[in-house]
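Step one of this worksheet: look at the structure below.
Everything numeric in this text was worked out from a predicted model, so none of it was measured.
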Amino acid sequence: MSGRGNLPAETTTFVGRETLLAETGGRLRQARLVTLTGTGGVGKTRAAVQLGRQARDAGVYRHGVWMVSLAGLKDPGLLARTVAQSLDIVDNSREAGLAHLIESLRDKHLLLILDNCEHLLAAAQHLVHDLLRACDGLTVLTTSRERIGTYGEHIVRVPPLGVTEGEAVRLFLDRAGATGAELDDSQLGEITELCHLLDGLPLAIELAAARLGELSLTDILEQLVDRRFSLLVGGDDMGLPHHQTLQRAFEWSAAHCSPGEKLLWSRLSVFPANFSRAAAEAVCTGEGIDREDVLDLLTGLVRKSILIAEPSPVSRRTRYRMLETVAQFGARMLAPDERVPVRQAHADHYRDLIAEAARDWFSPHEVRWMGTLREEWQNIRVAIAFYLSQPAQVEFAAQLAIDVGRTRFATFAGLLGQTLDLLENAYRAQPSAAILAHRAWILLVQGDAEAAAPHLRQARILAPHDPQLLYTEAAHQFLAEENPVRAKGCVATFRVVLDQLIADGDTPGDAHMVELFYAMSACFLGDRDTADRSTRGLLTSVEEHHAEWSGSWALWTRGLFELLHGEPHQAYLLAQQALATQHDIGDTWGPAFNLWLLACATAELGAHQRAARLFGGHWSQERTSRIRFAGLRPWARVREKIDRRIRQALGDDEYTAELARGAALRPEQVLALALEPLPAAERKPSGKQALPGGLTKQEYTIAGLVADGLTSKQIGERLFISPRTADRHVVNIRAKLGLPNRLALAAWHHEQIRRFERGGIDPGPVERALDAALEGGDMMAPALYDEYVRVERDRYRGP
C-alpha cells in the first residue's frame, strides 16, 4: 500500500456541494462510519471522491485515502478479496475471509471509501463491522441508496443540487462549456427551468448539457417537457419523483442516440468494469453494429456523457466505463434474446485474451500483459462465472482458470487466493487432474506442502500421466522433501519435462517456468557444473526473449548460484538488481525471495548485523506475500545454516534485537536498506584465504581425491555426482593449472601439502576453507560428513 491511496484522477471539475462537504467532513472527524445515501444519479460517488481528495490533500490520514468500487461485484463472498485487491494488499491466502484484510489494516490510519454498497448490504454490514472493531485507525465512508445498518453509522443524505441556490445552473454551465456551446445571460431563465425539470439531479443535468453540441437549449427544453417520454417499467421505487426524472432523462438521451449508439449502449452493459476498444469491438459487433463503426459509436456515447473515457496507465490507450445507473438502464434496453449471446461474446473474448497472454507472456510484452490482466480482472472473473453457469461450457471455465495461472499474472499481482477460488469452482463443476495439479503447484510455491498433498494424491488417481502432474510432482520433491539426497531426483525430472516442452515448441512461457525450476534445483541440490550451466542458460534465454520480469528471476537464480557455489558479493549485487527491477514493475512475489537472498549474501560477507536486520524485513515481506519459507525446504536448510553463523557472531540477544528492528521497518524502509551499497566498514574479514591455483572449493576437494588415487567413478560416488561429471571436473582443473595428466595433478596437490607443512599456508584459513566446502554435507550424503571431515583434516595435518 502506498501512502497516498488510489482515488481516481479528476477528469471534470467538481461544482457546488459546499454545505454537503462541510457537514460530511465534520461527521468524518467525529465518527468512524459515515454513509452517503440518496437516489441513483444524485452524485453520491462524486461527493465521496471529493471528500477523499480533500482529506488526502490535507494529510488527514497517514496511510492515505482508498476507494473500492463495488458496482460490478455480484458475489458477496468476494467482498473482502475485492477490498484487498483495491487497496493493493497481496491476497495469496487460501481463505476468502477477513483475517488477512484485518491483519493488513490493523496498524494503518486511513480512510476507506466503499462505493455502491446497496446490492451487497448484508455482506457490507459484516465487513464494515469487523473492520472497524479490529482496526482502530480505520475510518469508513460508504455510498449506498440505503443505510448499511452497522452500529455507530452516521447517515448523511445527498440531496439534488439546489436550483434556486444556483448549484444546478453552475453545473449545467460548466458542462455546457465543455461542448463548446455559447450561452449568455439571456438564457439563464431557460437553464433554470431545465434544471427544475430535471430535479437538480447531477447525472440528468450532465446528460442534457452533453446534447448542446447538437441541439439548442430551447430544443432540449421543449423535448424534455414533451410528455411523450413516458416512464420505463422499473422496480418498486420507480414511482418516486427523482427516479422518474432520471429515468426520463435516460429515455430522452436514448431517444437522441442513433440506432447504433443505442444498441451499443445496451450491449456494453454486460461489462462489469471498464473495458478497451478491442473488447467493445469483440463483444458488441454483430447485427446492427459493424466492427469498423464501433470507435465512432463509442465516441458518440462519450460526447453524450453515457460513457466515460479515461487513459489506461498500462497501455496509455483509452478505456471506457459506465456509471452503474447508466449500465442498469442499458441492460433494460438489451433485448431478451440478445442477453445470453452478448454475455457469450464477452466470455469468449476474455477466454481468447487469457489464452493469448499464456502464450505470449514470456516476451518483451510480459510486463504490459501483467498490467493489462490486472485491469481486466473483473471481466475475467465474470467470464469464468458465465461458463460455469452453462453446463455445456464448464470445460472453458476450467481452461480459463488454468490459463490465468499459466500467465503468472496472479503470482505477480498477489492474487493467488482468488486464483485458487477460481480453480476450486472449476473443479467442482468438472473435476480434472490438471486443475488439481495447478492448485497443488500454487500451494507448494507458497510453502504449504501439507495442503498440496491431497490434491496431488487425487490427481494421481484421475490422470497419473498428466504432463502438468509430472512437473508438479517434481516441484513437490524439490520444495517439500526433507532429505536433500532423496530430493536430488527432481533435477533430472525437471530436465525431462523441459526437453519435452522445448520439443513441443509452442509454449515458451511454460518451458521457461520449468527451466527456472530446473536451474534453482540444480543450484540447491545439483553439482556446481550443472548449476553454473543451467543458470547461464536461463540468463541467455531471457535475453533472447527480452523478458523483463522473467529476467529478474534469472538474475535471482544466478545470484543463488553465486551464493551457494561462487562469490557472495556477486550474489548481493545480482539480488539488488533483480529487486530493483521487480519493484519498478510492481511485482508482489519476487521481493520476498530477493530479500532472502540479500540477507544470506550479506551474512556470507560478514555484515552480520545488517543481515539480521534484512532477515527481519524479510519476515514482514513473507507475512505480506503469504509465502511460508519454512515450508520451502531448500531455502529453509540454507537459512538454518546461516542463522547459526549470525547467532554465533552476534549472540542471541543482539540477533533477536536486530530481527525485531528489521521487522518494524516500513516496506519502503526495507527496500531502501536492501538496495543501498554494502558499506565496507560493515564487512568483516572472512578469514578465508584463496585456495592454491585459483581453484574453487569443489575443485580443490576433487584435486585432493585425485591425489588420493580415486578414480572418477569413486569421486562421483563420494560426492554424489556422475562419473562423467567428475571426469569433466578433473579435465577442467588440469586445464586451469596447465597440467598434462592426473599424475601431474596428484603431484601438484602433494606439493601444496608440503608447502603447508613448511608453513607456506596458514593452517587456520586452509581448515576454514575446507570447513566451508564441507559444511552442511555439500554434495555428499550427511552420513559421510563426519568421516570425510576427519580424513581431510588428517591428510592436511600430515602424520
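Looking only at side-chain heavy atoms (C-beta outward), Lys641 and Cys600 stay at 4.5 Å or farther from each other. In this structure, the side chains of Gln85 and Gln418 come closer than 4.5 Å at one or more pairs of heavy atoms. Put simply, the side chain of Arg56 reaches to within 4.5 Å of the side chain of Leu7, judged on heavy atoms. Counting heavy atoms from C-beta outward, Cys490 and Glu481 have side chains that stay 4.5 Å or more apart. Under the 4.5 Å side-chain criterion, counting only non-hydrogen atoms from C-beta, Leu416 is in contact with Trp589. No side-chain heavy atom of Ser620 sits less than 4.5 Å from a side-chain heavy atom of Val670. Counting heavy atoms from C-beta outward, Arg495 and Val491 have side chains that stay 4.5 Å or more apart. By the 4.5 Å heavy-atom criterion applied to side chains, Phe517 and Leu498 are not counted as neighbours.
The number of heavy atoms from other shown groups lying within 6.0 Å of CD (Gln648) does not exceed 12. Annotation for Glu450: atom CD does not count as buried by contact number, only 12 or fewer foreign heavy atoms lying within 6.0 Å. Atom CG of Asp107 has more than 12 neighbouring heavy atoms from other residues, nucleotides or ligands inside a 6.0 Å radius.
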* To do: Please assess Leu560 against Phe524 for the test side-chain contact (heavy atoms from CB on, under 4.5 Å), listing each intermediate value before the final yes or no.
  => CA-CA 8 Å; Leu560 179 66; Phe524 279 117; 3.5 Å; yes
* Given salt bridge (Lys or Arg N to Asp or Glu O under 4.0 Å), test Glu658 with Arg661 step by step and report yes or no. => CA-CA 5 Å; Glu658 288 298 336; Arg661 292 186 184 103; 2.9 Å; yes
* **Intermediate values then yes/no, side-chain contact (heavy atoms from CB on, under 4.5 Å), Leu111 and Trp66** => CA-CA 6 Å; Leu111 174 64; Trp66 297 81; over 6 Å; no
* Show your working on side chain to side chain donor-acceptor pair (under 3.5 Å) between Gln582 and Trp556 and close with a plain yes or no. => CA-CA 11 Å; Gln582 290 168 350; Trp556 182 89; over 6 Å; no
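Rounded to the nearest 0.5 Å, atoms OG1 (Thr419) and CD1 (Ile402) are 12.0 Å apart. The CG atom of Leu659 sits 4.5 Å away from atom OH of Tyr655, with the distance rounded to the nearest 0.5 Å. Considering OG of Ser363 and CD of Glu544, their distance stands at 14.0 Å, rounded to 0.5 Å. A distance of 7.5 Å separates NZ in Lys108 from CD1 in Ile89, rounded to the nearest 0.5 Å. In this structure, Asp529 CG and Arg533 CZ are separated by 5.0 Å, a value rounded to the nearest 0.5 Å. Taking CG from Leu579 and CG from Leu597, the interatomic distance works out to 10.0 Å, rounded to the nearest 0.5 Å.
The only member of Trp549, Trp553, Phe362 that meets side-chain contact (heavy atoms from CB on, under 4.5 Å) when paired with Val542 is Phe362. Just one of Gln621, Gln446, Glu622 meets the side-chain contact (heavy atoms from CB on, under 4.5 Å) condition when paired with Phe629; it is Glu622.
When atom types are taken as modelled, the side chain of Arg316 and the backbone of Pro311 share no donor-acceptor pair closer than 3.5 angstrom. A distance-only check finds no donor-acceptor pair linking the side chain of Glu548 to the backbone of Glu366 [under 3.5 Å]. Side chain of Gln576 to main chain of Leu675: a donor-acceptor pair is present (N/O by atom type, distance under 3.5 Å, no hydrogens or angles). Judged by distance alone, the side chain of Glu562 and the main-chain N or O of Glu567 form a donor-acceptor pair under 3.5 Å. Remark: the backbone N or O of Cys523 is paired with a side-chain donor or acceptor of His565 at under 3.5 angstrom. The backbone N or O of Ile627 lies less than 3.5 Å from no partner atom in the side chain of Asn92, so there is not a single donor-acceptor pair. Between the Thr588 side chain and the Phe412 main chain, a donor and an acceptor come within less than 3.5 Å of each other. Remark: the backbone N or O of Arg666 is paired with a side-chain donor or acceptor of Gln669 at under 3.5 angstrom. Side-chain atoms of Trp361 come within 3.5 Å of backbone atoms of Arg406 as a donor-acceptor pair (strictly under, hydrogens ignored). For Arg637 (side chain) and Glu482 (main-chain N/O), a donor-acceptor pair under 3.5 Å exists by modelled atom type.
Checked by atom type, the side-chain pair Thr493/Gln477 shows no donor-acceptor distance below 3.5 Å. For the residue pair Ser312 and Arg317, no side-chain donor N or O sits within less than 3.5 Å of a side-chain acceptor on the partner.
Annotation: cation-pi geometry satisfied between Arg639 and Phe615 (NZ/CZ under 6.0 angstrom from ring centroid, within 45° of ring axis).
Considering every non-hydrogen atom in both Arg626 and Arg623, the closest pair reads NH1-O, 2.9 Å.
Taking the six-membered ring where tryptophan is involved, the planes of Tyr61 and His109 are tilted, since the angle between them lies from 30° to 60°. The aromatic rings of Phe478 and Phe494 stand perpendicular to each other, their planes meeting at an angle above 60°, with 30° marking the opposite boundary.
Salt bridge annotation for Asp448-Arg628: absent, with no cationic side-chain nitrogen under 4.0 angstrom from a carboxylate oxygen. Between Arg536 and Asp532 a salt bridge is recorded (basic side-chain N to carboxylate O distance below 4.0 Å). Between Arg633 and Glu640 there is a salt bridge, with a side-chain nitrogen of the basic residue lying less than 4.0 Å from a carboxylate oxygen of the acidic one.
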